[in-house]
Amino acid sequence: MDNKTFYITTPIYYPSGNPHIGHCYTTVACDSIARYKRMQGYDVMFLTGTDEHGQKIEQKAAEKGVTPKEYVDEIVEVFKKLWSYMNISYDRYIRTTDDYHVSAVQKIFKDLYDKGYIYKGEYKGKYCTPCESFWTESQLDEHGCCPECHRPVVEAKEEAYFFKMAPFAEKIEKLLLETDYLRPKYRAQELVNNFIKPGLEDLCVSRTSFTWGIPVSFDDKHVVYVWIDALSNYITALGYDNAAYDDFSKFWPADVHMVAKDIMRFHAIIWPAMLIALDIPLPKHLAVHGWITFQNKNGENQKMSKSLGNVVDPFMLGERYGVDAIRYHIMREMALGADSAFSNEIMINRINSDLANGFGNLVSRTVAMADKYFGGTLPAEREVGDFDQSLNECILALREKVDVCVNETRLKNALEEIFIAVDRANKYIDETEPWKLGKDESKKARLASVLYNLLEAIRVISTLLSPFMPTTMPKVWEQIGVAADACNYENAGKLGVLPLDVTVHKGEILFPRIDMDKEIDELNAIIEKNMAAAKADLSESEKTDEFTPDELGSEITIDDFGKADLRVALVKSCEKVKKSKKLLCLQLDDGFGGRQVVSGIAEWYKPEDLVGKKIIIVANLKPAKLCGVESQGMILAADTPDGGASVVFPDQSLPCGSKIR
Ligand code: MSP
């Protein structure tokens with residue numbers, strides 16, 4: 001396998017806030033693949049880094065009163081600290097503020113301009129500031145908002161350079177539909193339908209409205225705008241158009257770019273277009289995974305968001321459960337393509353069942369029995385028996401199964417395969433009942449065989465697990481008495497590697513069992529504290545930056561909507577409902593003689609905030625009793641980013657009873 005190379009990349013992260021468990025997913029997944037490939041003998045280049053330019057960074061630095069570079073320098077340190085804590089074995093870390101990247105991007109931009117793919121024009125369109133994306137009218141969602149984050153867009157018009165996309169449409173359509181570039185493949189058709197079929201829009205690639213970016217070398221009023229800067233990292237980090245490195249011919253084309261679904265479009269369409277324009281071969285695979293969402297204690301899924309305070313802090317989890325347990329959990333939970341909810345319960349169950357009871361128990365039982373019955377060193381005698389063949393076949397077939405999954409970036413499945421083998425080995429203990437063999441002097445040879453088979457199974461399993469959990473497996477090797485260098489890829493494909501008279505060493509418990517109830521209480525307390533702190537700490541711009549609305553509801557017809565009779569009403573008086581912390585009782589002038597409505601907004605409004613204000617009610621809602629008080633309708637309020645409610649106030653000059661359609 002000499003001279004085989006493997007190049008894998010994570011996205012480069014925006015250092016606009018501290019990293020969280022969501023950022024860890026791609027990085028831990030790429031790290032595990034990189035380690036697996038190194039174990040297979042590949043010469044690996046694993047690249048990660050930070051995407052440090054843009055208006056958002058400029059704004060945040062200004063809010064903090066520091067320069068953008070000072071601002072990013074500080075956060076990049078936290079990213080690097082996290083990667084070292086999570087045992088991320090990256091080979092290269094690119095910062096888009098690195099000089100070599102800056103000058104290479106300027107060359108790439110000029111090259112595309114000289115080739116006629118970049119031209120100067122004027123941009124008139126809809127711009128989403130948080131996503132730093134321009135959108136055409138037809139791409140906006142049904143509320144006229146950003147199709148990616150669903151926040152409002154603004155009209156924008158300015159001189160800008162554009163990258164022509166039309167010349168690449170046909171090739172990209174073929175790349176998506178006819179090759180296995182995109183993983184999972186089912187997303188290809190959606191991209192073709194949404195972006196290629198309606199006609200690829202030219203891409204705005206420069207801005208004049210902010211300065212924190214790479215200046216266009218031949219027109220320094222402009223800075224290179226987002227994607228040409230960001231995507232180029234994958235080649236500049238190898239030395240393309242710069243002298244800092246000389247690895248381009250060795251590692252390009254990339255074997256795997258791994259990204260989450262929100263940036264799939266840029267990697268599936270724009271990146272190939274740029275590469276075709278530059279006459280550079282296309283990467284082999286783009287692996288797209290979903291988001292890690294946070295499942296709160298009520299079982300609801302929310303986006304992880306700083307402003308909600310539900311951002312799961314990987315340092316905190318690592319301290320409590322160990323880095324390898326966290327690595328295992330996020331990879332085991334997340335399937336390529338699908339979203340995955342991060343819940344403390346699921347995580348703890350997973351650690352307890354798979355790691356503590358499953359793998360940890362297999363190792364500790366086996367080592368303890370070798371210690372108890374043979375003083376730690378197995379005798380050389382052997383006796384083959386029932387179930388040996390079935391266990392050994394399962395273990396011998398494992399490496400290839402894991403290879404296939406890793407090659408297809410299906411890490412969840414790779415771990416599932418490994419844990420099927422763990423279960424098989426545990427079942428072998430129940431089948432062979434070594435504790436009974438241990439009581440009978442004439443069964444010593446059989447007992448030695450059983451324990452040897454188990455130790456061999458553990459050797460193979462732990463070798464294949466080591467790229468995923470690199471800290472724990474060397475401890476296993478120590479316990480089963482095998483040298484770390486014997487736990488290599490080649491030996492993971494065969495049995496009989498341990499000496500017959502292998503000596504085990506009892507060691508620490510690998511994955512201590514977690515007390516679910518105690519931990520959940522403690523974690524919930526931490527999250528509640530974080531939520532309160534997040535609410536108090538965030539600046540106004542951060543609150544809105546981080547907000548993602550709930551999923552849109554399912555489609556209704558105009559007739560469905562017409563069933564709701566919405567009216568303007570005046571709050572004449574208002575008081576708290578006794579025995580309830582949440583309810584206010586409002587007396588309204590609804591233009592039809594008046595009515596009483598009870599609303600669960602007492603946490604956010606005092607009665608005096610509402611009296612004299614016009615609001616909107618659902619006037620034909622069936623009356624209901626809340627805390628024993630009759631409510632004849634409900635008032636309209638919007639969700640706020642911090643989980644509160646904001647009453648909708650219509651134009652205050654509207655007469656009571658005005659219908660809203
Ligand atoms: N800077 C761009 C990427 C440029 S790549 C040439 C960017 N940065 S980001 O920091 O916002 O996001 C980086 C990656 O982390 C994206 O793939 C994003 O989807 C992913 N994630 C951020 N939060 C996440 C979760 N909660 N779950 C899974 N992935 C998440 O986009």
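Both counts, for ligands and for their atoms, begin at 1 and track the order of listing. Sequence positions, counted from 1, serve as the residue numbers for this chain. Basis for what follows: all heavy atoms, side chains included, without hydrogens, waters or symmetry-related copies.
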Y100 and Y245 aromatic ring geometry - parallel, tilted or perpendicular at 30°/60° bounds =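 Rings of Y245 and Y100: perpendicular, as their planes differ by over 60°.
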Mutual orientation of the aromatic rings belonging to F109 and F218 [parallel < 30°, tilted 30-60°, perpendicular > 60°] =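 Answer is tilted, since the angle falls between 30° and 60°.
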key: Matching residue for W271 among Y234, F168, F266 - test: ring pair (Phe, Tyr, Trp, His ring centres under 6.0 Å)   =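 Exactly one option meets the ring pair (Phe, Tyr, Trp, His ring centres under 6.0 Å) with W271, and it is Y234.
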task = State, yes or no, whether a side-chain contact exists between T50 and V72 at a heavy-atom distance under 4.5 Å.
result =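 Side-chain contact under 4.5 Å: no.
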request  = Kindly indicate whether the side chain of Y93, heavy atoms from C-beta on, has any atom under 4.5 Å from the side chain of V76.
outcome  =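 Y93 reaches V76 side chain to side chain.
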Looking only at distance, does [X] have an N or O less than 3.5 Å from an N or O of ligand 1?
X    : answer
Y14  : yes
D51  : yes
A260 : yes
I12  : yes

For atom 6 (C) of ligand 1, the option (of Y234, Y25, W291) bearing the nearest heavy atom =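 Shortest heavy-atom distance from atom 6 (C) of ligand 1: Y234.
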message = Heavy atoms only: which of S16, P19, G22 lies closest to atom 30 (C) of ligand 1?
response =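 Selected option, by shortest heavy-atom distance: G22.
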ask   = For the rings on H285 and Y181, is their centre-to-centre separation under 6.0 Å?
value =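 For H285 and Y181, the ring centres are not under 6.0 Å apart.
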inquiry  = Are F419 and Y328, when compared by the centres of their aromatic rings, separated by less than 6.0 Å?
reply    =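 Centroid separation for F419 and Y328: below 6.0 Å.
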Under a 4.0 angstrom heavy-atom cut-off, which atoms of ligand 1 come close to [X]?
X    : value
G290 : 28 (C)
I263 : 3 (C), 16 (C), 17 (O), 31 (O)
P11  : 5 (S), 14 (C), 17 (O)
A230 : 6 (C)

query = Do S89 and D31 get their side chains close enough for a donor-acceptor pair, meaning under 3.5 Å?
reply =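 Per modelled atom types, S89 and D31 side chains form a pair under 3.5 Å.
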message = If only side-chain N and O atoms count, and only distance matters, is there a donor-acceptor pair under 3.5 Å linking E52 with T97?
response =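 Indeed, the side chains of T97 and E52 share at least one donor-acceptor pair under 3.5 Å.
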Heavy atom under 4.0 Å from ligand 1: found in [X]'s side chain, backbone, both, or neither?
X    : value
Y13  : both
H20  : side chain
F266 : neither

